[in-house]
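As the structure is a prediction and not an experimental result, all values here were calculated from the model.
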Amino acid sequence: MQTILNFLIKHNHWFLFLLLEGISFVLIVSFNSYQSAVMFTSANGVAGNIYSAIENIDSYFGLKGENEALVEQNRELLDELEATRQQLRQYTDSASIAQNLHTSNDIRFSYYTARVVNNSLNKVNNYITIDKGKNDSIRPEMGVFNDKGIVGIVYQTSGNFSVVIPLLNSKSKISCRIKSSNSFCSLQWDGGDTRYSFLVDLPRYAVFEKGDTVVTSGYSSIFPADIPVGLIESLEDSEDGLFYRAKVSLFVDFSTIDHLYIVGNSNTEEQKLLEESIEEK
């Protein structure tokens, strides 16, 4: 306490100076309209900047909840889109629209949401772990994508988690087509740059060029047609010279993936059993 008093006594002239400065400032602002207006404007500007900074901080921490809500809304829209597609198919294939109005909707694809909890990028065979499993109706051979494009296929599931084989895995092979020409082929990664994959088994008569969009073909039971994959970057011959091999710049940045969509086909088992029975003959 004595130390504080000694300090105040030693520097009392500075404290007196600051006190007089403060009184002078108050008197100037109080009795001069111009200075008062300037002070009011400046104070409002400072307060506005502070409130703006606080609002930006609150908005930043609120983004997680908003993103999750948007992901769920997108999933619902995907379900509605699939229902609409099924209805259009029924009406197109049926001789009587009125009859179809009384039939129940057979939704082929259903959609779920998930988040990435683990992800590898530096291996030949990379894997992704997501936070949904059997308890959430997730099963092997369901397709996985995000708002940019294809991510991979569910490989194994437990009660609450699933492992996904992404495009960045040498075992991954996705049925695709070139959107501009409907040329069909397969997408396969060669273990190199994570930004690129390759179209293989691309016929020599296929018509396409650099910059063409690659999408899912819809020929497999895993993915619906026309989910984005990437853009053709360059072209080369296959090793045997019978096909083209095209380098594809992937739409998905696998280093930043977080929210995912899982798509399930209710007819997968039926299609698989039928195709297997034909192969056995």
Side-chain angles (χ1 to χ4, degrees), residues 71 74-75 78-79 82 107-177 184-192 194-201 214-230 248 250-276 279:
V71 168
N74 287 339
R75 185 200 63 77
L78 288 170
D79 281 336
E82 183 60 27
I107 308 302
R108 182 183 178 193
F109 290 102
S110 53
Y111 297 87
Y112 308 86
T113 61
R115 293 194 67 181
V116 174
V117 296
N118 194 19
N119 181 23
S120 63
L121 294 170
N122 57 354
K123 303 175 182 177
V124 175
N125 293 320
N126 294 290
Y127 292 95
I128 298 171
T129 305
I130 59 176
D131 64 350
K132 296 292 176 65
K134 294 177 182 177
N135 297 338
D136 307 287
S137 301
I138 306 302
R139 61 181 185 275
E141 298 190 16
M142 294 179 76
V144 183
F145 63 102
N146 67 3
D147 58 328
K148 299 293 189 301
I150 290 294
V151 172
I153 299 173
V154 175
Y155 178 52
Q156 290 183 350
T157 61
S158 64
N160 299 305
F161 297 94
S162 297
V163 172
V164 175
I165 293 181
L167 299 185
L168 307 183
N169 187 305
S170 64
K171 300 176 183 177
S172 172
K173 198 169 186 179
I174 306 295
S175 177
C176 299
R177 69 178 178 89
F184 295 94
C185 48
S186 298
L187 185 80
Q188 196 163 21
W189 190 54
D190 67 353
T194 59
R195 297 172 297 172
Y196 302 98
S197 189
F198 290 88
L199 295 179
V200 296
D201 303 330
V214 180
V215 297
T216 53
S217 66
Y219 275 10
S220 75
S221 61
I222 297 175
F223 289 105
D226 297 327
I227 297 180
V229 176
V248 176
L250 301 173
F251 287 136
V252 173
D253 181 356
F254 284 85
S255 65
T256 62
I257 54 174
D258 184 13
H259 294 281
L260 301 176
Y261 300 103
I262 318 297
V263 56
N265 184 349
S266 59
N267 296 334
T268 296
E269 290 301 320
E270 180 181 351
Q271 180 177 341
K272 188 176 180 181
L273 289 173
L274 178 60
E275 292 172 350
E276 289 177 350
E279 292 175 358

So, Asp136 side chain and Ile138 main chain: donor-acceptor pair closer than 3.5 Å or not?
no
Are the side chains of Lys148 and Thr256 in touch, meaning some heavy atoms are under 4.5 Å apart?
no
Is it the case that the side chain of Ser186 and the backbone of Val200 share a donor-acceptor pair, with hydrogens and angles ignored and the cut-off at 3.5 Å?
no
Measuring only between side-chain heavy atoms, which start at C-beta, is Phe223 closer than 4.5 Å to Ile153?
yes
Check whether any side-chain N or O of Thr216 sits under 3.5 Å from a backbone N or O of Asp226 as a donor-acceptor pair, and report yes or no.
yes
Does the pair Leu167 and Ser197 meet the rule for a side-chain contact (heavy atoms from CB on, under 4.5 Å), with working shown?
CA-CA 8 Å; Leu167 299 185; Ser197 189; 5.5 Å; no
Thr194 and Asn126: side-chain contact (heavy atoms from CB on, under 4.5 Å), yes or no, with the steps?
CA-CA 10 Å; Thr194 59; Asn126 294 290; 5.6 Å; no
Taking Ser170's backbone N and O only, do any of them form a donor-acceptor pair with Asn125's side chain (distance below 3.5 Å, no angle check)?
yes
So, the side chain of Lys132 versus the backbone of Thr113: is there a donor-acceptor pair under 3.5 Å, distance only?
yes
Decide yes or no for Leu250 and Val229: does some side-chain heavy atom of the first lie under 4.5 Å from some side-chain heavy atom of the second?
yes
Could you give me the CA-CA distance, side-chain angles and deciding distance for Leu168 and Asn119, then say whether side-chain contact (heavy atoms from CB on, under 4.5 Å) is met?
CA-CA 11 Å; Leu168 307 183; Asn119 181 23; over 6 Å; no
Distance-only, no hydrogens or angles: does the Asn135 side chain make a donor-acceptor pair with backbone N or O of Gly159 under 3.5 Å?
yes
Can any side-chain N or O of Asn118 pair as donor or acceptor with the backbone N or O of Thr129 at less than 3.5 Å?
no
For the residue pair Phe184 and Tyr219, does the interplanar ring angle fall in the parallel (under 30°), tilted (30 to 60°) or perpendicular (over 60°) class?
parallel
If you take all heavy atoms of Val263 and Tyr111, which pair is closest and at what distance?
CG2-CE2, 3.5 Å
Indicate yes or no for a side-chain donor-acceptor contact from Ser120 to the backbone of Tyr127 under 3.5 Å, with no hydrogens or angles considered.
yes
Any chance CZ of Phe198 has more than 12 other-residue heavy atoms, nucleotides or ligands included, within less than 6.0 Å?
yes
